[in-house]
There are 2 protein chains.
Amino acid sequence: MSKATNTKVETVRYYERIGLLPKPPRTAGNYRDYGEAELGRLSFIRRARDLGFSLDQVRALLGLSDDRSCDCAGIDHIANEHLREVDRKIADLKALRRELKAVIDSCDGGIVADCRIIEALAP
Amino acid sequence: MSKATNTKVETVRYYERIGLLPKPPRTAGNYRDYGEAELGRLSFIRRARDLGFSLDQVRALLGLSDDRSCDCAGIDHIANEHLREVDRKIADLKALRRELKAVIDSCDGGIVADCRIIEALAP
DNA sequence: TCTAGGGTCTGTAGTAGCTACAGGGTCAAG
DNA sequence: CTTGACCCTGTAGCTACTACAGACCCTAGA
């Protein structure tokens with residue numbers, strides 16, 4: 001299952017420990033014995049993680065997706081909140097990038113004593 | 001000093017513990033007794049952190065900035081590497097945002113069983 | 001002089017999300 | 001029957017802090 005989902009074995013066990021994956025039955029040799037359901041669940045987790053959802057959000061999504069007859073407003077809500085978070089991060093990084101670029105561009109070589117980067121960082 | 005640099009007291013002590021700040025002399029009552037030099041150093045650290053440099057990068061910058069007669073290519077290198085990192089992060093987040101948006105847009109309400117978000121996350 | 005309130009001190013443990021061992025057990029192939 | 005590749009548990013490490021507990025100190029007011 002680890003290979004099928006491109007997940008490290010330790011990560012799978014970690015997900016089990018924090019309750020994202022159920023404790024599976026064991027083989028005679030005490031190996032975890034996963035079926036299709038767990039594979040699907042892990043794939044879901046991985047895909048959501050790839051989209052940047054936090055483990056708490058993934059947990060919520062899994063909970064909501066279990067009740068197939070509920071309406072999907074809750075799911076929509078989590079996804080949109082995450083989208084806003086991502087937008088915020090992009091904006092923050094762009095602002096940071098601008099500032100960093102300005103600091104870097106101000107330096108035109110020479111010795112440290114004259115370095116504008118150091119100067120820009122100093123108080 | 002904590003107030004002057006808008007840094008939590010615990011963070012200052014943390015920087016001392018990991019060797020970013022020197023162990024300062026103590027007052028009679030065992031309080032840390034900081035001077036101007038430490039204030040400058042902490043300001044430098046905070047500013048660099050605000051620009052997204054890692055603590056390791058900050059450590060390197062501090063080390064390089066100590067030798068005022070060296071040329072500032074090393075500093076330039078660290079800063080530019082960080083800039084590239086930031087650019088990479090922005091690109092990654094934008095790609096993620098696109099994908100996330102597509103997933104969200106595909107859903108037009110209804111019950112969970114028909115939810116395209118869940119469907120898009122499932123294997 | 002006492003006391004209340006703010007600060008500080010050390011040390012430890014917690015956060016997110018894994019990752020990396022150590023030291024053992026299991027299993028299939030040769 | 002051994003070798004090598006997997007699995008098992010449990011614990012500690014990573015980043016960059018943050019949050020206590022339980023002690024101590026210092027100053028201002030009654």
Side-chain angles (χ1 to χ4, degrees), chain A residues 1-35 38-39 41-62 78 81-82 85-86 88-89 92-93 96 121, chain B residues 1-35 38-39 41-62 78 81-82 85-86 88-89 92-93 96 121:
Chain A
M1 194 162 84
S2 161
K3 264 179 207 147
T5 58
N6 198 25
T7 308
K8 300 225 157 117
V9 173
E10 284 96 341
T11 305
V12 177
R13 298 204 272 250
Y14 170 70
Y15 289 160
E16 180 185 326
R17 206 164 61 244
I18 63 170
L20 274 189
L21 287 174
K23 287 186 195 300
R26 300 299 183 106
T27 66
N30 199 31
Y31 285 23
R32 285 170 180 80
D33 191 14
Y34 289 113
E38 282 81 16
L39 182 61
R41 196 172 169 94
L42 180 55
S43 302
F44 183 102
I45 296 170
R46 295 304 288 178
R47 178 99 177 96
R49 291 288 301 133
D50 283 348
L51 286 173
F53 288 97
S54 72
L55 288 180
D56 269 359
Q57 287 174 321
V58 173
R59 203 188 306 273
L61 288 174
L62 281 167
I78 292 175
E81 196 170 315
H82 178 44
E85 255 170 63
V86 171
R88 219 171 24 242
K89 269 188 199 161
D92 285 355
L93 272 179
L96 188 157
L121 288 171
Chain B
M1 195 162 83
S2 162
K3 267 178 204 146
T5 58
N6 198 25
T7 308
K8 300 223 158 117
V9 174
E10 284 96 341
T11 306
V12 178
R13 299 204 271 249
Y14 171 70
Y15 288 158
E16 180 186 325
R17 206 166 60 245
I18 64 170
L20 273 189
L21 287 175
K23 287 185 194 302
R26 300 301 181 106
T27 67
N30 199 31
Y31 283 23
R32 284 171 182 79
D33 191 15
Y34 288 113
E38 282 81 16
L39 182 61
R41 198 172 169 94
L42 180 54
S43 303
F44 184 102
I45 295 169
R46 295 305 287 178
R47 178 101 179 94
R49 290 290 300 133
D50 283 348
L51 286 174
F53 287 97
S54 73
L55 288 181
D56 268 0
Q57 288 173 321
V58 173
R59 203 188 305 274
L61 288 174
L62 281 168
I78 292 175
E81 196 170 314
H82 178 44
E85 255 170 61
V86 171
R88 221 172 21 242
K89 271 188 198 160
D92 285 355
L93 273 179
L96 188 156
L121 288 170

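Order of the sequence lines fixes the chain letters, A, B, ..., with proteins taken first and strands second; residue numbering starts at 1 for each chain.
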Please find the pair of heavy atoms, one from [X] and one from [Y], that lie closest to each other, and give the distance.
X       : Y       : value
B/Asp33 : B/Pro24 : O-CB, 4.0 Å
A/Met1  : A/Leu21 : CE-CD1, 4.4 Å
A/Arg26 : A/Asn30 : NH1-O, 3.0 Å
A/Val86 : B/Leu93 : CG1-O, 4.0 Å
A/Ala60 : A/Ile78 : CB-CD1, 3.5 Å
B/Leu96 : A/Asp50 : CD1-O, 3.8 Å

Practice item. With sequence neighbours excluded, tell me which residues meet salt bridge (charged side-chain N to carboxylate O under 4.0 Å, His left out) with B/Arg32. Key: B/Glu16
Review point. Does A/Arg13 have any salt bridge (charged side-chain N to carboxylate O under 4.0 Å, His left out) partners at least two apart in sequence or in another chain, and if so, which?
Key: none
Check your understanding: Do B/Tyr15 and B/Arg46 have side-chain N/O donor and acceptor atoms under 3.5 Å apart?
Key -> yes
**Study point:** With sequence neighbours excluded, residues passing ring-ring contact (aromatic ring centres under 6.0 Å, His included) with A/Phe53
**Key:** A/His82
Check your understanding: Between the axis at one end of the helix from C/dT1-D/dA30 to C/dG30-D/dC1 and the axis at the other (five pairs apiece), what's the angle to 10 degrees?
Key -> 20°
Point to revise | DNA chain C contacts among residues 7-27 of chain B, heavy-atom distance under 4.0 Å | key: B/Val9, B/Arg13, B/Arg26
Exercise for review: Please report, rounded to the nearest Å, how far the C1' atom of D/dC8 is from the OH atom of A/Tyr34.
Suggested key: 12 Å
Revision key, fill the gap. Ranking A/Tyr31 and B/Lys3 by the position along DNA chain C of their nearest nucleotide, the one closer to 5' is B/Lys3
Study note, to complete from the structure: Footprint ends on DNA chain C, 5' to 3', for atoms under 4.0 angstrom from a heavy atom of chain B, come out as C/dG7 to C/dT10
Review point. More 5' along DNA chain D: B/Phe53 or A/Asn30, using each one's nearest nucleotide?
Key: A/Asn30
Review point. OP1 or OP2 of D/dC7 sitting under 4.0 Å from any side-chain N/O of A/Arg32?
Key: no
